[in-house]
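Below: the structure, in structure tokens.
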Amino acid sequence: VMADHIKINGLSVTAPISISPWPTLDPPETPVSQPVVISLDVLHDISAAGTSDDLSQSVNYSEVSKIAARVSTEFRSSSNTDPVTALGLADEILKQCLASITLPITELSVVLELPKAVLRAKAASVYICRRRNGELSGKIKFGIKGLLAHTTVGINPQERKDKQPVVV
């Protein structure tokens, strides 16, 4: 069965996050509202919706967006002593969005970006993908987007005098 991609990219919300996906020496004890950017990818065969012009055969991306935004603003850890993490939030978004979709989708993935998590980078991120039955599909991935580093670049002596900005 072919699966099409229904993508929701760059949904900007604020979420209470206690710690970033990166270890820190002194994480805050209480969640701090900070900007997060959510991107979702739903794998679902939309040929039935396209052939019949029946939108009930496709995923309602507006509803999925609303659920992701609501979960982001309302999410709390399972116990009051556990920190609210980007990974925990991303997984909760996945679980609640999966529960809301009644169609036989193949899988759902989420990328949660934290634009303020890393000082010299555009964002830190976490990626999770789950199959329709809720099982993880692949590995959970953590990343840094647009890390700015100043370094010496070049092989000739005149090129090696000044450091240049490099985006990794």
Side-chain angles (χ1 to χ4, degrees), residues 3-44 59 61-78 81-98 105-131 135-168:
D4 301 295
H5 292 264
I6 299 170
K7 294 188 175 212
I8 300 163
N9 289 320
L11 180 62
S12 296
V13 296
T14 57
I17 305 282
S18 296
I19 59 175
S20 77
W22 309 105
T24 59
L25 294 175
D26 193 19
E29 304 220 356
T30 58
V32 176
S33 283
Q34 59 183 288
V36 295
V37 179
I38 303 165
S39 295
L40 298 155
D41 186 3
V42 184
L43 267 64
H44 175 61
V59 174
Y61 59 85
S62 175
E63 280 301 311
V64 173
S65 297
K66 287 176 186 173
I67 290 166
R70 180 184 47 77
V71 171
S72 297
T73 57
E74 296 175 357
F75 182 68
R76 301 293 179 263
S77 62
S78 54
T81 58
D82 291 338
V84 178
T85 64
L87 175 60
L89 174 58
D91 203 29
E92 187 64 21
I93 290 169
L94 266 185
K95 289 175 183 174
Q96 289 201 31
C97 287
L98 273 172
I105 67 168
T106 306
E107 61 185 29
L108 173 63
S109 64
V110 65
V111 176
L112 186 80
E113 293 181 351
L114 298 138
K116 301 226 176 191
V118 181
L119 182 61
R120 292 187 182 178
K122 187 173 180 182
S125 65
V126 60
Y127 166 88
I128 307 176
C129 185
R130 290 190 178 275
R131 293 186 184 94
E135 290 178 7
L136 279 176
S137 176
K139 294 182 178 182
I140 296 172
K141 298 175 188 174
F142 295 93
I144 296 179
K145 184 176 180 181
L147 179 63
L148 179 64
H150 286 81
T151 188
T152 304
V153 179
I155 55 171
N156 299 314
Q158 66 272 19
E159 295 172 322
R160 300 184 60 80
K161 288 183 180 178
D162 296 319
K163 290 186 176 184
Q164 301 172 37
V166 175
V167 178
V168 181

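Under 3.5 Å, the side chains of Ser137 and Glu107 contain a donor-acceptor pair of N or O atoms.
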Please list, one pair per line, the donor and acceptor atoms closer than 3.5 Å that link side chains of residues 87-95 to other protein atoms, with sequence neighbours excluded.
unit_1, atom_1, unit_2, atom_2, d
Asp91, OD1, Arg130, NE, 2.8
Asp91, OD1, Arg130, NH2, 2.9
Asp91, OD2, Lys95, NZ, 3.3
Asp91, OD2, Arg130, NH2, 3.0
Glu92, OE2, Gln96, NE2, 2.8

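When side chains are defined from C-beta on, Val167 does not count as touching Leu147, because their heavy atoms never get closer than 4.5 Å. Two residues are said to be in side-chain contact when any heavy atoms from C-beta on lie closer than 4.5 Å; Gln34 and Leu114 meet this criterion. Counting heavy atoms from C-beta on, the side chains of Ile38 and Leu40 come closer than 4.5 Å. Two residues are said to be in side-chain contact when any heavy atoms from C-beta on lie closer than 4.5 Å; Ile128 and Leu136 meet this criterion. A 4.5 Å side-chain heavy-atom check between Pro35 and Lys116 finds at least one atom pair inside the cut-off. Proximity of Val64 to Ile8: side-chain heavy atoms (C-beta onward) are separated by under 4.5 Å at one or more points. Side-chain atoms of Val166 and Val153, non-hydrogen and from C-beta on, do get closer than 4.5 Å to each other.
Among all heavy-atom pairs drawn from Ala86 and Leu112, the shortest one is O-CD2, 3.3 Å. Of all heavy-atom pairs spanning Gly10 and Ser39, the tightest one is N-OG, 3.1 Å. Nearest heavy atom pair, residue Glu113 against residue Ser125, reads CG-CB, 3.9 Å.
For the atom pair NZ of Lys141 and SG of Cys129, the computed distance is 9.0 Å after rounding to the nearest 0.5 Å. Tyr61 OH to Leu11 CG: the interatomic distance, rounded to the nearest 0.5 Å, is 13.0 Å. The OG atom of Ser109 sits 12.5 Å away from the CZ atom of Arg131 when rounded to the nearest 0.5 Å. Taken from CD1 in Ile155 to CD in Gln158, the straight-line distance is 9.5 Å, to the nearest 0.5 Å. With values rounded to the nearest 0.5 angstrom, Cys97 atom SG is found 5.5 Å from Ile67 atom CD1. Atom CD of Glu63 is separated from atom CZ of Arg70 by 9.5 Å, given to the nearest 0.5 angstrom.
With Thr106 contributing its side chain and His44 its backbone, the two residues share no donor-acceptor pair below 3.5 Å.
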